[in-house]
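In what follows, every heavy atom counts, from backbone to side chain, and hydrogens, waters and symmetry copies are set aside. Throughout, numbering of the chain's residues begins at 1 and tracks the sequence.
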Amino acid sequence: MSNEWNMKTYMKGAAMLTVSAIIVKLLSAIYRVPFQNLVGDEGFYIYQQIYPFIGIITTWTSFGFAVALSKILSDYKSTGKTNAIPKIMQIAFVYIGIISIIFFLLLFFGSGFLAEAMGDKQLARLLKAGSFVILLMPMLAVLKGKFQSDGRMGPVAYAQVVEQIVRVTVILLGTWIVVSKSLDLYKAGSMAMYGAVVGELVGVIFLVIIYWKGFVHKSVKQKQQLKTYKIIKDLTIISISASISALLFLLFQLVDSFTVFQILLENGMGKLQAMEKKGIYDRGQPLVQLGIVIASTLSLAIVPLVAHRMNKEKGRTAIPFMQLTFRVAFTFGIAAALGLIVVLPYVNEMLFQTKEESITIMVFCIQIVWMSLILTLMAMLQGIGKVKIPTLFLLIGVCSKWLFNGMLISTYGVLGAAISGNISLVVVFLLMLYYFKKNWNISFAPFVFYKGIAIASLMMIVGVTVYEWLADTILFDNFSSRIQSVFISFSAVIIGAFIFLIIIAKRRVIGEKEWFLLPFGKRMAIFQLWLNKEK
């Protein structure tokens with residue numbers, strides 16, 4: 001009875017952590033819209049040039065190392081070696097602390113060199129401002145890891161949401177104050193970096209208070225002999241494997257930071273125009289982030305599920321969950337990408353004030369499909385303990401992005417960067433799929449599934465396109481351009497989603513029993529049963 005209660009408690013905590021992750025991802029994507037509206041495309045370029053540096057390091061340390069430490073602590077607890085936990089936490093804190101200090105020094109004192117490499121010396125002060133957030137990572141990672149190993153997901157979930165809310169508030173409020181008092185967009189960018197520092201600091205304080213309140217000092221009579229090197233090795237490998245798929249999108253952004261602006265300048269574009277073009281291109285980032293929320297949420301859930309099922313009947317019971325996860329990721333990846341593309345010109349103006357480079361952002365949004373599938377495959381491979389080769393594939397993708405940026409931007413401008421991202425993700429997806437099939441030669445879905453998705457997608461595109469023409473020429477013709485875009489965007493998204501869901505439900509692309517297994521899938525299952533009941 002106790003075990004059952006513990007499992008229920010753990011699953012409740014895991015669900016809470018998943019919901020908090022969704023909220024954080026949504027906030028992370030949404031705040032960029034008012035920020036861009038405050039600072040314009042030039043200011044957005046300034047912020048997006050620096051964001052990948054901070055995002056990569058904080059994702060690896062605060063997320064990857066937290067997961068790694070949680071696993072190591074849980075393994076020691078399961079073998080009854082609880083007296084080793086304080087020492088493991090100490091080793092982890094020192095190790096992550098050393099890594100954080102090294103990265104801090106590299107960013108702070110190497111800010112001038114990195115800014116020069118990006119082609120804009122004034123970015124150095126933003127790198128210096130953002131580097132301070134790295135110093136908070138050791139405490140944040142160790143506390144998160146400890147709470148997660150104890151099955152106490154609540155404090156971690158609340159801390160993530162609190163730190164993100166504070167971060168977004170400081171960024172937007174601080175940027176508004178700076179912009180209203182001066183036109184120094186680099187100072188506004190620095191304020192956005194300080195927002196990240198303040199947010200993480202609040203998260204650390206929040207977790208420290210909760211940890212201190214529940215702290216019980218226990219005297220340890222017998223010291224556990226630990227191999228420091230092994231713990232450091234495990235922390236490194238597990239942290240990289242846990243965070244590498246989340247880092248892929250950030251690494252692509254980092255490649256863009258070093259290549260897009262520079263290549264535009266080399267091809268004769270003026271500095272201000274190149275900054276604005278890069279800022280417009282970066283509008284695609286939050287849209288893709290929103291589009292892959294479902295896939296990234298599923299990837300969080302599938303890893304422990306597949307790992308658990310692998311221990312039963314030689315892993316055969318994991319297959320239905322793998323198939324379902326892939327089908328759901330494919331379904332909503334396609335729906336999100338095509339749905340965004342078909343309404344993109346209006347969404348572009350509604351969110352970012354103009355329709356500039358809508359074609360580029362449409363191409364950019366195709367990345368939602370590949371990112372959704374890559375995240376899902378990576379999560380499943382991680383669940384069966386296959387990490388090293390997939391990590392290599394992701395690094396090949398980053399190198400591919402750098403190579404194709406150099407080849408395509410000179411000819412096609414920022415559209416070339418968007419095309420480059422898609423080509424590189426396709427390379428990663430095909431390599432990942434081939435490797436997965438070598439380990440698990442299973443069919444993810446029958447032909448009828450893909451046929452159903454194709455029909456739903458085609459009907460959605462036709463229906464929304466016809467509606468947009470009517471809305472643009474008749475329904476909202478008397479409104480100003482941006483107000484018109486607001487009305488058309490919201491109504492077209494609702495109509496598109498309705499058409500798509502009706503058709504996949506009518507064709508039972510995903511079965512009712514399968515919907516019940518998914519978060520918030522119960523209502524879709526009930527709707528699907530009602531839609532297909534005999535009249």
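Within 6.0 Å of the CH2 atom in W176, the count of heavy atoms belonging to other residues, nucleotides or ligands does not exceed 12. Counting non-hydrogen atoms of neighbouring residues, nucleotides and ligands closer than 6.0 angstrom, the CE atom of M459 reaches no more than 12 such neighbours. With a 6.0 Å radius and a threshold of 12 heavy atoms from other residues, nucleotides or ligands, K386 has its NZ atom at or below the threshold. More than 12 heavy atoms of other residues, nucleotides or ligands sit less than 6.0 Å from atom NZ of K437.
No option in I409, I263, L264 other than L264 meets the side chain to side chain contact (heavy atoms under 4.5 Å, CB included) test with V414. Only one option out of V166, I171, I165 pairs with T169 in a side chain to side chain contact (heavy atoms under 4.5 Å, CB included); it is I165.
Classified by interplanar angle (parallel below 30°, tilted 30° to 60°, perpendicular above 60°), the ring pair F258/W402 is parallel.
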Would you be so kind as to tabulate the donor-acceptor pairs closer than 3.5 Å made by side chains of residues 51-60, with sequence neighbours excluded?
unit_1, atom_1, unit_2, atom_2, d
T58, OG1, I54, O, 2.8
T58, OG1, G55, O, 3.2
T59, OG1, G55, O, 2.7
W60, NE1, S239, OG, 3.0

Listed pairs under 3.5 Å, donor-acceptor, residues 423-436 side chains, sequence neighbours left out:
unit_1, atom_1, unit_2, atom_2, d
S424, OG, S400, OG, 3.1
S424, OG, K401, N, 3.0
S424, OG, S420, O, 2.9

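Ring centroid separation for the pair F449 and F444 does not come in under the 6.0 Å cut-off.
The heavy-atom pair separating T259 from V255 by the smallest distance is OG1-O, 2.7 Å.
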Problem - Q36 and Q353: CA distance, side-chain angles, deciding distance, side chain to side chain contact (heavy atoms under 4.5 Å, CB included) verdict - result: CA-CA 9 Å; Q36 186 273 348; Q353 306 175 69; 3.7 Å; yes
Exercise for the section: Kindly indicate, with the supporting measurements, whether the criterion side-chain hydrogen bond (donor to acceptor under 3.5 Å, both in side chains) is fulfilled by Y281 and T360. Expected result: CA-CA 7 Å; Y281 166 78; T360 297; over 6 Å; no
